[in-house]
Protein chains: 2
Amino acid sequence: MPCDKSCPIEHTVNLIGHKWKVLILRNLFHQGTQRFGEIHKGIHGISQKMLTQQLRQLEADGILCRKVYPEVPPKVEYSLTALGESLKPILDEMNKWGIEHLKQRDVD
Amino acid sequence: MPCDKSCPIEHTVNLIGHKWKVLILRNLFHQGTQRFGEIHKGIHGISQKMLTQQLRQLEADGILCRKVYPEVPPKVEYSLTALGESLKPILDEMNKWGIEHLKQRDVD
DNA sequence: CTGCATCCGGTATGATACTG
DNA sequence: CAGTATCATACCGGATGCAG
């Protein structure tokens with residue numbers, strides 16, 4: 001029933017249903033405003049191209065804000081918008097679940 | 001800091017950080033135990049192969065249970081395990097966020 | 001008839017090198 | 001430093017085939 005195109009979960013997934021996007025959000029939630037290189041270092045295994053692509057999509061969806069400083073060397077900062085901040089409860093739940101599940105893993 | 005390999009969010013993302021997996025979980029949470037064809041119909045745009053692949057991964061990770069009935073015509077049912085059920089709060093938050101955000105969209 | 005494995009063509013992704 | 005361009009590769013979707 002909620003599986004139409006107006007399904008809330010489907011809508012959410014269309015915006016952040018991608019591994020890298022969640023990890024980008026995690027970084028911004030935890031570190032606040034960050035530069036491109038900072039985010040890149042903080043996410044293990046992502047390529048520059050993929051990071052650029054995902055950042056641009058998140059920006060286009062109004063989840064984060066991209067601020068370019070016209071300097072040399074170039075400096076670009078990314079920060080969460082209000083819409084991005086509103087995703088925090090989801091990230092929190094994922095964090096809580098991960099903690100619980102890692103505890104169980106340790107028991108094994 | 002939490003960005004090591006033991007980061008809870010990264011762990012969670014590795015298990016369900018995929019668009020189709022979240023939608024599969026949504027279906028099972030909403031409809032309970034379902035057959036392959038039911039899930040396929042319920043998720044718009046997914047191919048049979050992708051559905052099979054994602055279901056197998058979720059099964060391998062212990063999130064859902066696959067039960068084959070040796071009948072003609074064949075029948076395969078998928079249901080959530082206890083581990084899968086424990087993901088519900090995450091789905092709930094995604095649902096809540098989607099509802100809120102769709103409301104804002106309507107205003108536009 | 002259902003569930004799913006295989007083959008093939010298009011698309012997305014990763015590694016590297018290069019630019020402003 | 002923050003990307004872009006290029007190319008090799010891996011992944012994905014669609015059609016087909018097959019077993020039960």
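Here is the naming used below: chain letters follow the sequence lines, and residue numbers restart at 1 for every chain.
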Before accepting this row, confirm whether a basic side-chain N of the pair [X]/[Y] lies closer than 4.0 Å to the acidic partner's carboxylate O.
X       : Y       : answer
E93(B)  : K96(B)  : yes
E100(A) : K103(A) : yes
R66(A)  : E77(A)  : no

(Q) What contact category does Y69(A) fall into here, base, sugar-phosphate, or nothing, at under 4.0 angstrom with non-hydrogen atoms? (A)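 No contact.
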Roughly how many Å is it from [atom1] in [X] to [atom2] in [N], rounded to a whole number?
X      : N       : atom1 : atom2 : answer
L51(A) : dT13(C) : CG    : P     : 13 Å
E38(A) : dC1(D)  : CD    : P     : 10 Å
I24(B) : dG3(C)  : CD1   : P     : 14 Å

(Q) At under 4.0 Å between heavy atoms, how does the protein contact nucleotides 4-20 of chain D? Give one character per nucleotide, 5' to 3', with B, S or -. (A) B-B-----SBB-----B
Q) Between R35(B) and dT2(C), does any side-chain N or O lie under 4.0 Å from OP1 or OP2? A)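 R35(B) to dT2(C) OP1/OP2: no side-chain N or O under 4.0 Å.
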**Q.** Distance below 4.0 Å between Y78(A) side-chain N/O and dG3(D) OP1 or OP2
**A.**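 For dG3(D), OP1/OP2 do have a side-chain N/O of Y78(A) under 4.0 Å.
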Q: Quick one: sort the F36(B) and Y78(B) rings into parallel, tilted or perpendicular, breaks at 30° and 60°.
A: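 Because their plane-to-plane angle lies in the 30° to 60° range, the rings of F36(B) and Y78(B) count as tilted.
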Q: Working to the nearest 0.5 Å, report the span between NE2 of H101(A) and CG of D61(B).
A: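 These two atoms lie 7.5 Å from each other.
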(Q) Given 3.5 Å as the limit, does a donor-acceptor pair link the side chain of H40(A) with the main chain of I46(A), or not? (A)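 Between the backbone of I46(A) and the side chain of H40(A) there is a qualifying donor-acceptor contact (under 3.5 Å).
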